[in-house]
Amino acid sequence: YLAWPVTAFQRCGKPITVCLSGRVEAWCGGWRTPSASAGTRIISAMHDPLATAVELHQSGRLKEAERAYRSALRDNPRNPDALHLLGLLAHQAGDNQTAADLIRQAVAIHADRAVYHFNLGVVLSAAGDSAGAESAYRTCLALAPQRAEAHNNLGLLLQERGQLEEAAASFRSALAEAPEDAAAHANLGRALQDQGQDEAALASFERALGIDSRLPEAHYHLAFALSA
């Protein structure tokens, strides 16, 4: 699944996210050095304790980051970004119950922030709560229908349930917003392949590899489609 931070991550397996209010981008997986968003620069300039926590989180100093997030929450127990980020740190540590509880607290304070709902969906999906994850993704999309990564994650969830037509529709919605997303093309190919639409699936896998020739899933499923 994709995750959704403003500070940057590369797409890969297990979602790990850090996000501040402000400009949002979609990344997941391993850290990379980002250019600071406007929101990040403002917070850093003010020497907000939350900025210190984010820097520690980004550098992989997770215990120190946790202490810094909790320090920010002692100053303001209703700081939604600190709650959200501490929840994401808990998710990174594998404690999805705590992560969900913290992100829900952030949602209760600012229910209109799509990124909170998105990352709640990521956490609930990791916890095996498919229904809760679907609800969170759909709320995210009601607030931010242009977010391709939310359409993609919803599609993956639907595909896992065997709702293949709905999954394909979600992947197409993702591609309408991000037509150069190789992973979404590959995911659409899988959904079509599972429906027996081999020619359309083949085209999707070829498109995915035309964008990113290193995508292993696309290579595997393309070989499977060619052998069918």
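Here the structure is a predicted model, which is why all the values come from computation and not from measurement.
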Could you go step by step and tell me if F205 and R190 meet the side-chain contact (heavy atoms from CB on, under 4.5 Å) rule? CA-CA 8 Å; F205 295 136; R190 285 185 58 203; 4.1 Å; yes
Where is the tightest heavy-atom contact between [X] and [Y], given as atom of each residue plus distance?
X	Y	answer
I103	Y116	CG2-O, 3.5 Å
L188	L175	CD2-CD1, 3.9 Å
L83	P77	CD1-O, 3.9 Å
A127	N96	CB-CB, 3.9 Å
F171	G155	CZ-C, 3.4 Å
A65	L89	CB-CD1, 3.7 Å

Take R113 and D81, measure what side-chain contact (heavy atoms from CB on, under 4.5 Å) needs, and give me the verdict at the end. CA-CA 10 Å; R113 291 186 181 172; D81 284 326; 3.6 Å; yes
Kindly write out the residues that satisfy side chain to side chain donor-acceptor pair (under 3.5 Å) with [X], not counting sequence neighbours, or none if the list is empty.
X	result
R172	none
Q146	none
R104	none
D194	none

Any side-chain donor near an acceptor of the partner, E149 and N153, under 3.5 Å: no
Regarding N187 and N152, is there a side-chain donor-to-acceptor distance under 3.5 Å anywhere? yes
Identify, with sequence neighbours excluded, every residue that meets salt bridge (Lys or Arg N to Asp or Glu O under 4.0 Å) alongside E180. R207
Just to verify, what does E177 make a salt bridge (Lys or Arg N to Asp or Glu O under 4.0 Å) with, not counting sequence neighbours? none
Please identify each residue that fulfils side-chain contact (heavy atoms from CB on, under 4.5 Å) with [X], with sequence neighbours left out.
X	result
L143	A114, H117, T139
A169	none
A176	none
R161	S130, E134, L157, L158, Q163

Can you find a heavy atom in the side chain of [X] that is under 4.5 Å from one in the side chain of [Y]?
X	Y	result
Q92	H57	yes
Q159	L164	yes
R147	H151	no
T52	L56	yes

Decide yes or no on side-chain contact (heavy atoms from CB on, under 4.5 Å) for Y69 and V54, but give the supporting numbers first. CA-CA 8 Å; Y69 287 136; V54 170; 4.1 Å; yes
Decide side-chain contact (heavy atoms from CB on, under 4.5 Å) for L141 and F118; before the verdict, give the C-alpha distance in whole Å, the side-chain angles of both, and the deciding distance to 0.1 Å. CA-CA 8 Å; L141 288 168; F118 180 87; over 6 Å; no
Filter on side chain to side chain donor-acceptor pair (under 3.5 Å), then keep only pairs touching residues 70-80, sequence neighbours left out; what's left? E66-R70
Could you give the distance from CG (L102) to CG (L120), rounded to the nearest 0.5 Å? 11.0 Å
